[in-house]
Each structure stands twice: as C-alpha cells, then as structure tokens.
**Q** 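One structure follows; several queries about it will come next.
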Amino acid sequence: METRHNFGSKIGAVLASAGSAIGLGNVWRFPTEVGNNGGAAFIFIYLICIVVIGIPVMMSEFLIGRNTHANTITAFSKLAPGKWWRIEGVAGVFVAFLILSYYIIVSGWTLFYLIQSVGGQLMADRDYSLVFNNFVSNPWQPVLAGVVFMGLTHFIISRGVQSGIERFSKLMMPMLLFIIGILVVCSFSMPGSAEGLGFLLKPDFSKLTPSILLSAVGQAFYSLSLAMGCLCTYASYFRQDTNLPKTAVGVSLIDTFVAILSGFIIFPAVFSVEGVNVDAGPGLVFITLPNVFNIAFSHVPLLGYFFSGFFYLLLLLAAVTSAMSLHESVTAYVLEAFHLSRKKAAATVSVACMTLGVACSLSFGVWSNVTLFGLNIFELFDYTASKIILPLGGVIICLFTGWYLDRRFVEGELTNGGRLRFRLFRLYYFIIRFVAPLAIAAVFIQELFA
Ligand code: TRP
C-alpha cells in the first residue's frame, strides 16, 4: 500500500481547504440565491448561518478527519467500530461521487465560455440564451468539455497530496484572489454600479420569509463543502499541530469573502445595464452576464474581452479546486479500501464519474425526456445530493460529534490535547448538540415538503 502523506505546510492545508470551499457555489450559486431572495437581507442571514452553523460543523469534520488519518468511511468505522455511524461515511463518498459527475459538466461549460471569450466569439452581438441552449443540448460538445475538465482534475489528483493537491492549490488560489480583485475594480467603475451596491448593502428586512432563512442555511452548507466528507478527507492530511478551530474560521472567512466579492462583481455590472433582471436564475452567469459584458463594453470591446475572459477563468479555477476535493474524497477511499495504487484508484474514479457525467450532460439534450419524479438525470443527481443527503449528513455529523463522541475527546482534538486554548468550546459544544442539528433538520424538512 502507498504511504500516506500529509500536507507539507499549514498554508497549504488552508489553501487546499479554501479551494474546496470556493467553487461554483460562490461565484455562480451565491449571486443567484442573492438575486432570487432579495439582496442584502439574504446576505445578512447567510452570514449568521456561516458563523453559527457552518464554522462549528466544519470544526467537527476536521476533527474526525485529523484524528483518524483515513478516508471518510474508514474514519467513521475507526471512531465507532461496528456501529451504524459508518453509513455517514458511505453516504459522504457516494454523494461526492454523484456531485462530481454533474459538477464536471457545469465546469466544462465554464471551460467552453472561457474559450469563447478568449477567441472573441462571446463578444460578438448574439442571442445568449440561444448560444447557451444550443451548447448545452449538443450531444458531444459539452461532453468533450467535461472530459477535458475531468482530465485536468485527474492529472492533479493522480499526482498525490503534496505535489498534486497542495501544489496546485497554492498556485491557483492566489491567482483566483488576484482575478477577483481586478474584476471588483472593473465592476465598480461601471456607470450605474451604485445601484447594484445598494442592492447588496441595504437590507430590506420586510422581505424576509422563513423560506429565505432556510435557503441561506442550505447555501452556507453547499458553499463551505460541508457534510460530504470532502473536508474530512482533507483534514486527514492535516498535521498533528494544526489548529483546527483557527483553520475552520480562516477557511470560512475566505470562502465568505469570495462569495460577497462575487456579488460585488456581478450586481454592479448587472445594474449598469438597463432592462436586465437580477433574479435571472441559474442562467445569470451564462446568459445574463455575457449580455451585460456585451452591452456595457460596447464602446471599448477590448475591455469587455478582458473582463469576460478573466471572469470565466475565475470560474474555472474555482471549479477545479472544488472538483479536486470531491475527487480526492472518493479516490482516497478506493485507494485505501482496495489497496490500489493512487494512479489506478484515480483512474477508476475518473472513468466511472465521467460515464455518469455523460448521462448528466445528455439530459440537457437528447435525453431530456428521461425523467424520474419529473426531474431529468442532472436535476435528479443535484436534488438527491444537495437536498436530501447533504442536510441529512449535516445532522448526522452534529449528532456524532455532539452526542456519540466523548466530550473530552472532542475538546482534546480541538485544543490539540490541551496545548491550544479554545475559549469558546462550550459555545461550540452547545451549538453542535442542539442549535445546528435542529436548524439543519428544519431546512431538510422544508426542502423536502415545500
Ligand atoms: N463548496 C463547493 C462550491 O462552493 C462545492 C463542493 C465541493 C461541495 N465539495 C463539496 C458542496 C461537498 C457540498 C459538499 O462550489
């Protein structure tokens, strides 16, 4: 069996985890949710969810992973031998696999849009909803894009923890932050951007409904990569002296910062163009934005060219680092459970996932009428993963750390055996036992029966 490596440095561990968290969820899903749920008030609630639920759950995943130094399934079996808790690990690995299979397809779209922007086709005056629909319903183009994207992810994962995941996270995350900085400045300098800022900064609490509250919890989970073993797997590569509470706070802060900055990029730009809606739904990034780029930069096409090119590069980088974590949590299991080499394990996962990915992609075109419960394959995967298994997994992780594991064990892990101070431990423990599981259960029930 291969020797198990750790991340070589603390910054590497933080950047890899942040890379997992920062993804399509920040740049694509977050602005969509903000647009649909009325702007600043949603952001306010979202921030509360991150602090009150997200950070404590992340610490729990970290401690499970680092203590056991194993893939998610083995981690639960080690901490609770012979018990049903193992199912949480199984669900985690299964769902990571399921998410990855459609995540690569959407990531492939970003690759296509990047190529189109760089080639200049995207800025030619076109009907963007037609461009988008024609592309996604094409039987082979999006599959090809998905294969290229999967190839890239596979390449990184098969190089291993230090020279793959850590190295590429250290390279890509600073690039990503730099691009975000440039785009924020560009977006602010557009005429009419003040209105977009107002939308993001002036909360209108009269618009708050219970369902907005619950969308915010769901978004917090998705964005922080919680409840599916991704962060648990990464934490199994953390060194023994890693400060878990501090790392969880750091990763959550970077992730939230990037989500909000994405809002600062997208909304001022959208508001600077008249007649474009903020609540455009999932097409915001692939239909609305190209339109905005085109109109806003019609006098200086070169700027539009840079802006859109950088934007899709940003999306692509964010997608790669998240796909890496999904891939790794499955690969780590296959590698350790079946005693395969890393290369073989990674190849098995890539090929299997890509096969499912093809089905997801075809569901936008020739297979669009293959449905179950009224959902096509893509929607079915997304629904099962994010609306059913993700919230359930969240509750189970809370119950596991809060009720099954020994309190002294948990405290010992979070303080590295008493060497670190963690003053808020009692608050953490209260949240993980009561507040978080109840809040997440509320989301789950609402999502399922709404
Ligand atoms: N957090 C990533 C994003 O924002 C997506 C992601 C990666 C994820 N791993 C996950 C979501 C595990 C849920 C669970 O795009």
**Q** Could you name each residue pair satisfying side-chain hydrogen bond (donor to acceptor under 3.5 Å, both in side chains) that touches residues 130-141, not counting sequence neighbours?
**A** none
**Q** Give the ring-plane orientation class for F364 versus F378, where under 30° counts as parallel, over 60° as perpendicular and anything between as tilted.
**A** perpendicular
**Q** Would you name the heavy atoms of S169 and M324 that are closest together and state the gap between them?
**A** OG-CE, 3.6 Å
**Q** Would you call the rings of F30 and F42 parallel, tilted or perpendicular, where under 30° means parallel and over 60° means perpendicular?
**A** tilted
**Q** Among all residues two or more places apart in sequence or in another chain, which pass the side-chain hydrogen bond (donor to acceptor under 3.5 Å, both in side chains) test with Y102?
**A** D382
**Q** What is the ring orientation for F112 with F135, classed by angle as parallel under 30°, tilted 30 to 60°, or perpendicular over 60°?
**A** parallel
**Q** Not counting sequence neighbours, which residues clear side-chain hydrogen bond (donor to acceptor under 3.5 Å, both in side chains) with T72? List them please.
**A**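 T72 satisfies side-chain hydrogen bond (donor to acceptor under 3.5 Å, both in side chains) with T233 only.
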**Q** According to the side-chain hydrogen bond (donor to acceptor under 3.5 Å, both in side chains) rule, which pairs have a member within residues 110-119, sequence neighbours left out?
**A** Q116-R126
**Q** Is there a donor-acceptor pair closer than 3.5 Å between any side-chain N or O of S60 and the backbone N or O of I432?
**A** no
**Q** Who pairs with I11 by side chain to side chain contact (heavy atoms under 4.5 Å, CB included), at least two apart in sequence or on another chain?
**A** S9, L15, K170
**Q** Please enumerate all residues that pass side chain to side chain contact (heavy atoms under 4.5 Å, CB included) together with S325, with sequence neighbours excluded.
**A**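 Listed in chain order: S20, C230, Y234.
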**Q** Can you list everything that forms a side chain to side chain contact (heavy atoms under 4.5 Å, CB included) with V147? Sequence neighbours excluded, please.
**A** V143, M354
**Q** Quick one: list whatever passes ring-ring contact (aromatic ring centres under 6.0 Å, His included) with F149, sequence neighbours left out.
**A**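 With neighbours one apart ignored, the set is empty.
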**Q** Given the rule in the side chain to side chain donor-acceptor pair (under 3.5 Å) test, do N71 and T74 qualify, once you have shown the distances and angles that lead to the verdict?
**A** CA-CA 6 Å; N71 66 77; T74 311; 2.9 Å; yes
**Q** Give me each pair satisfying ring-ring contact (aromatic ring centres under 6.0 Å, His included) with a member in residues 201-231, each pair once, sequence neighbours excluded.
**A** F44-F205
**Q** What residues, two or more places apart in sequence or in another chain, satisfy side chain to side chain contact (heavy atoms under 4.5 Å, CB included) together with L177?
**A**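 Only V258 meet the side chain to side chain contact (heavy atoms under 4.5 Å, CB included) criterion with L177.
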**Q** Tell me, please, which residues at least two apart from E328 pass salt bridge (charged side-chain N to carboxylate O under 4.0 Å, His left out).
**A** R342
**Q** Would you give me the side-chain donor-acceptor pairs under 3.5 Å for residues 93-101, sequence neighbours excluded?
**A**
{"unit_1": "S101", "atom_1": "OG", "unit_2": "L98", "atom_2": "O", "d": "2.7"}

